[in-house]
Chemist: 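There's a structure below that I have some questions on.
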Amino acid sequence: MKATIVRPLPEYPEREKKEGLFFQEGRTSFKAECILYHAGVLLLEGYDYKAKYKEQIELLAGCFIEGSNIEEVLRSQCLMEPWQRLYGILILMGNIPVLISRYNNDPEEIYEELERQIRMENMNIA
């Protein structure tokens with residue numbers, strides 16, 4: 001797994017989007033709106049997807065690999081103070097909250113759990 005490069009996105013009032021982040025590794029990318037940063041956890045809402053759920057998880061997990069610039073970007077956007085650290089990223093995927101963290105960032109494991117929860121959700125709806 002490679003480190004994910006993050007770029008800030010400006011507010012986009014025409015689409016009712018707050019400041020956001022652009023996640024990219026190679027040709028894979030997606031955009032997410034920054035909803036909240038609190039107690040080391042960044043809450044995101046994805047949009048303009050160019051990546052499937054598995055690829056999004058890989059990109060977010062790559063934020064915890066050495067070489068990712070996510071903390072610098074969050075500090076430059078005044079979402080994090082200089083002394084704070086990023087410990088986790090929470091995002092909804094198919095109405096299921098997915099947490100990728102500094103300590104739980106195996107993309108395969110996280111994706112398998114997401115698939116399991118999606119299947120359970122679909123069984124409850126039927």
Side-chain angles (χ1 to χ4, degrees):
M1 184 169 53
K2 295 181 180 177
T4 299
I5 301 303
V6 180
R7 291 192 317 234
L9 293 172
E11 188 172 344
Y12 195 0
E14 296 83 36
R15 293 189 58 199
E16 298 178 4
K17 299 294 178 194
K18 298 179 185 175
E19 289 182 351
L21 299 173
F22 179 76
F23 298 86
Q24 182 174 19
E25 195 286 305
R27 297 179 62 122
T28 307
S29 66
F30 81 101
K31 297 175 183 178
E33 183 178 4
C34 296
I35 304 301
L36 175 72
Y37 170 84
H38 183 73
V41 178
L42 178 64
L43 175 60
L44 297 175
E45 183 176 320
Y47 70 95
D48 285 349
Y49 299 105
K50 301 220 187 289
K52 297 177 181 166
Y53 287 155
K54 187 172 188 176
E55 295 168 322
Q56 290 175 44
I57 290 169
E58 289 171 352
L59 286 169
L60 294 174
C63 291
F64 296 100
I65 301 296
E66 188 175 335
S68 178
N69 65 333
I70 189 164
E71 286 187 341
E72 292 82 12
V73 170
L74 293 174
R75 288 182 186 113
S76 73
Q77 296 298 105
C78 299
L79 291 169
M80 277 176 45
E81 299 295 336
W83 62 87
Q84 292 177 314
R85 298 285 318 264
L86 179 65
Y87 293 101
I89 299 172
L90 182 62
I91 188 168
L92 284 177
M93 293 184 176
N95 292 325
I96 296 176
V98 176
L99 176 66
I100 296 102
S101 75
R102 184 173 297 280
Y103 311 105
N104 179 24
N105 59 21
D106 181 329
E108 290 296 323
E109 202 174 280
I110 295 167
Y111 184 69
E112 286 174 15
E113 179 61 20
L114 173 64
E115 281 187 317
R116 186 184 73 74
Q117 290 185 23
I118 289 173
R119 281 193 305 273
M120 286 176 45
E121 184 71 20
N122 288 339
M123 286 179 15
N124 290 337
I125 292 173

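Residue numbers start at 1 and run along the sequence shown.
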Chemist: Kindly write out the residues that satisfy side-chain contact (heavy atoms from CB on, under 4.5 Å) with Ile65, not counting sequence neighbours, or none if the list is empty.
Modeler: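 Met1, Ala3.
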
Chemist: Got a sec, which residues hit side-chain hydrogen bond (donor to acceptor under 3.5 Å, both in side chains) with Tyr111, two or more places apart in sequence or on another chain?
Modeler: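 With neighbours one apart ignored, the set is Glu115.
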
Chemist: So which atom in Cys34 and which in Leu79 form the shortest heavy-atom distance, rounded to 0.1 Å?
Modeler: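 Shortest heavy-atom separation between Cys34 and Leu79 comes out as SG-CD1, 3.8 Å.
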
Chemist: With sequence neighbours excluded, tell me which residues meet side-chain contact (heavy atoms from CB on, under 4.5 Å) with Glu72.
Modeler: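 Only Asn69 meet the side-chain contact (heavy atoms from CB on, under 4.5 Å) criterion with Glu72.
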
Chemist: For the residue pair Ile100 and Phe64, establish whether any side-chain heavy-atom pair is separated by less than 4.5 Å.
Modeler: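 Result yes, sub-4.5 Å side-chain heavy-atom pair found.
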
Chemist: Answer yes or no: is there a side-chain heavy-atom contact under 4.5 Å between Ile110 and Asn104?
Modeler: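 Side-chain contact under 4.5 Å: yes.
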
Chemist: Report yes if some heavy atom in the side chain of Lys31 is under 4.5 Å from a heavy atom in the side chain of Leu9; otherwise report no.
Modeler: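 Yes, at least one pair of side-chain atoms sits under 4.5 Å.
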
Chemist: What pairs meet the side-chain hydrogen bond (donor to acceptor under 3.5 Å, both in side chains) rule with one or both residues in residues 55-66, with sequence neighbours excluded?
Modeler: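 Every pair satisfying side-chain hydrogen bond (donor to acceptor under 3.5 Å, both in side chains) with a residue in residues 55-66: there are none.
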
Chemist: Only distances under 3.5 Å count here; give the side-chain donor-acceptor pairs of residues 85-93 to other protein atoms, sequence neighbours excluded, each with its distance to 0.1 Å.
Modeler:
residue: Arg85; atom: NE; partner: Glu71; partner atom: OE1; Å: 3.4
residue: Arg85; atom: NE; partner: Glu71; partner atom: OE2; Å: 3.2

Chemist: Just by modelled atom types, is the Gln84 backbone N or O under 3.5 Å from a matching donor or acceptor in the Arg75 side chain?
Modeler: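 Here the side-chain-to-backbone pair exists.
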
Chemist: State yes or no: do Tyr47 and Leu43 share one hydrophobic cluster built from I, L, V, M, F, W and Y residues joined by side-chain heavy-atom distances below 4.5 Å, directly or via other members?
Modeler: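 Shared cluster, no.
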
Chemist: Gln117: what forms a side-chain hydrogen bond (donor to acceptor under 3.5 Å, both in side chains) with it, not counting sequence neighbours?
Modeler: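 For Gln117, the residues satisfying side-chain hydrogen bond (donor to acceptor under 3.5 Å, both in side chains) (neighbours in sequence not counted) are Glu113.
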
Chemist: Are Tyr37 and Leu21 connected in a single hydrophobic cluster, I mean Ile/Leu/Val/Met/Phe/Trp/Tyr linked by side-chain heavy atoms less than 4.5 Å apart?
Modeler: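 Yes, Leu21 and Tyr37 fall within the same hydrophobic cluster.
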
Chemist: Quick check for you: to the nearest 0.5 Å, what is the distance between Leu60 atom CG and Asn105 atom CG?
Modeler: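 CG of Asn105 is found 11.0 Å from CG of Leu60.
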
Chemist: Would you tabulate the side-chain donor-acceptor contacts of residues 23-30 under 3.5 Å, counting partners in other chains and residues two or more places apart, or write 'none'?
Modeler:
residue: Gln24; atom: NE2; partner: Gly26; partner atom: O; Å: 3.1

Chemist: If I take atom CD1 from residue Ile57 and atom CD from residue Glu112, how far apart are they, to the nearest 0.5 angstrom?
Modeler: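 Between atom CD1 of Ile57 and atom CD of Glu112 there are 10.5 Å.
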
Chemist: Using the test side-chain hydrogen bond (donor to acceptor under 3.5 Å, both in side chains), find all partners of Lys54 that sit at least two apart in sequence or belong to another chain.
Modeler: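 By the side-chain hydrogen bond (donor to acceptor under 3.5 Å, both in side chains) rule, Lys54 matches Glu108.
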
Chemist: Any non-hydrogen side-chain atom of Leu114 less than 4.5 Å from a side-chain atom of Ile118?
Modeler: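 In contact.
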
Chemist: Nearest 0.5 angstrom please: Ile70 CD1 to Met80 CE, how far?
Modeler: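 One gets 8.5 Å once the value is rounded to the nearest 0.5 Å.
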
Chemist: Which pairs count as salt bridge (Lys or Arg N to Asp or Glu O under 4.0 Å) when at least one residue sits in residues 88-101, sequence neighbours excluded?
Modeler: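 Sorted pair list comes back empty.
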
Chemist: What closest approach, in Å, do Ser68 and Gly62 show between heavy atoms, and which atom pair accounts for it?
Modeler: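 Looks like CB-O, 3.5 Å.
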
Chemist: Compare every heavy atom of Leu42 with every heavy atom of Leu74, then report the nearest pair and how far apart it is.
Modeler: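 Answer, listing the atom of Leu74 first, then Leu42: CD2-CD2, 4.0 Å.
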
